[in-house]
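These notes are about the structure you will find just below.
Note on naming: letters A, B, ... go to the chains in the order of the sequence lines (proteins, then strands), and numbering restarts at 1 for each one.
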Protein chains: 2
Amino acid sequence: MRKEQSTNAENIRKIIALCPLSYTQTVIGGRWKPLILDRLMHGIQRYSEIRKSIPPITERMLTMQLKELERDGLIARAEYGKVPMRVEYTLTEKGASLKTVLTAMYHWGSEFNTTLTAT
Amino acid sequence: MRKEQSTNAENIRKIIALCPLSYTQTVIGGRWKPLILDRLMHGIQRYSEIRKSIPPITERMLTMQLKELERDGLIARAEYGKVPMRVEYTLTEKGASLKTVLTAMYHWGSEFNTTLTAT
DNA sequence: AGGATGACGAACAATTTTGTTCGTTATTGC
DNA sequence: GCAATAACGAACAAAATTGTTCGTCATCCT
């Protein structure tokens with residue numbers, strides 16, 4: 001949760017007002033969000049499937065990020081069944097339209113990531 | 001600085017290995033980097049000019065982000081003159097090639113930022 | 001002689017993000 | 001009758017990011 005009054009929080013508002021780039025960065029920022037959105041774009045929808053497709057993520061992190069993505073209108077949540085509950089997430093129109101951004105990031109990353117060059 | 005041994009730091013390595021998206025996100029992540037890169041793409045180069053163009057940034061933050069961008073090979077630093085020192089930053093080829101990514105982010109942001117809709 | 005300049009670095013504090021551990025639901029399979 | 005399941009929530013702890021304050025260089029302007 002944010003401390004709505006901190007300089008930190010105010011700065012986010014200021015830079016979002018300053019440049020559209022910052023809004024995008026705020027919404028897809030964080031370690032896991034691009035990864036999660038990528039999975040959703042590839043048709044993976046169930047909570048448990050997403051989790052399996054991103055081994056190092058913890059349940060807590062996945063849950064939190066999904067909540068934020070939902071709050072920001074990028075994904076929609078749907079429950080099926082009751083107790084061994086089943087939940088599916090799908091991209092909203094807004095979320096799906098991030099595809100251009102993520103695709104560009106993906107291409108750039110595969111071209112310039114040099115951290116694995118130590119064959 | 002990173003605590004090279006933390007789970008946190010290990011996770012970064014893991015997700016970078018997992019998907020190119022994560023490398024990109026790691027490199028342009030953070031609050032200020034997209035903004036700084038944007039300024040450089042628009043021809044602003046001097047430290048002091050960048051700072052003026054992003055009012056809420058502090059000198060410390062600007063300095064740190066520039067250092068990281070340089071370390072990651074996105075920008076190059078050049079000093080001119082001695083004491084009222086003058087420094088200019090320019091995009092490297094790698095940095096300039098981020099333009100597609102930033103442009104996509106910019107467009108998406110201007111289309112979907114709803115935080116200012118309270119006219 | 002004294003203040004302004006430009007681009008930082010250091011020490012510290014506040015805030016945010018990320019990770020760990022444990023518990024919850026009610027049904028199904030053994 | 002007992003463990004496993006799916007999708008979380010809560011309390012806490014660790015780590016990372018961001019922000020604050022102050023100090024530095026040597027020259028130029030007044």
Any chance you could measure Leu40(A), atom CG, to Thr90(A), atom OG1, to the nearest 0.5 Å?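 Rounded to the nearest 0.5 Å, the CG-OG1 separation comes to 8.0 Å.
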Taking atom CZ of Arg39(A) and atom SG of Cys19(B), what is their separation to the nearest 0.5 Å?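 Taking CZ in Arg39(A) and SG in Cys19(B), the distance rounds to 5.5 Å.
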Within a radius of less than 6.0 Å around OH of Tyr47(B), do more than 12 heavy atoms belonging to other residues, nucleotides or ligands occur?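 More than 12 heavy atoms, drawn from other residues, nucleotides or ligands, come within 6.0 Å of this atom.
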Rounded to the Å, how far apart are [X] [atom1] and [N] [atom2]?
X        : N       : atom1 : atom2 : value
Met61(B) : dC12(C) : CE    : C1'   : 13 Å
Leu66(A) : dT18(C) : CG    : P     : 14 Å
Tyr80(B) : dG6(C)  : OH    : P     : 17 Å
Leu35(A) : dT18(C) : CG    : P     : 12 Å
Ile44(B) : dG6(C)  : CD1   : P     : 15 Å
Met64(A) : dA11(D) : CE    : P     : 14 Å
Glu59(A) : dC22(C) : CD    : P     : 14 Å
Glu10(A) : dT15(C) : CD    : P     : 11 Å

Consider only side-chain N and O atoms of Trp108(A) and Thr100(B), and report whether a donor and an acceptor are under 3.5 Å apart.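 Absent: no donor and acceptor within the cut-off.
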Answer yes or no: does a side-chain N or O of [X] lie under 4.0 Å from OP1 or OP2 of [N]?
X        : N       : result
Arg60(B) : dA7(C)  : no
Ser48(A) : dA7(D)  : yes
Ser6(A)  : dG19(D) : no
Arg77(B) : dC8(C)  : yes
Thr63(A) : dG9(D)  : no
Asn11(A) : dG19(D) : yes
Tyr89(A) : dA6(D)  : no
Arg51(B) : dG6(C)  : no
Thr7(B)  : dA14(D) : no

Give Lys52(A) one of three labels, base, sugar-phosphate or nothing, depending on what nucleic acid heavy atoms sit under 4.0 Å from its own.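 No contact.
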Would you indicate which nucleotide in dT5(D), dG19(D), dA7(D) comes nearest to any side-chain atom of Pro84(A)?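 Looking only at side-chain atoms, Pro84(A) lies closest to dT5(D).
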Out of dA6(D), dC8(D), dG19(C), which nucleotide sits closest to the side chain of Asn8(B)?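 The nucleotide sitting nearest to the side chain is dG19(C).
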In the structure I gave you, are the side-chain heavy atoms of Leu102(A) and Met105(A) within less than 4.5 Å of one another anywhere?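 A side-chain contact exists here, since the closest heavy-atom pair is under 4.5 Å.
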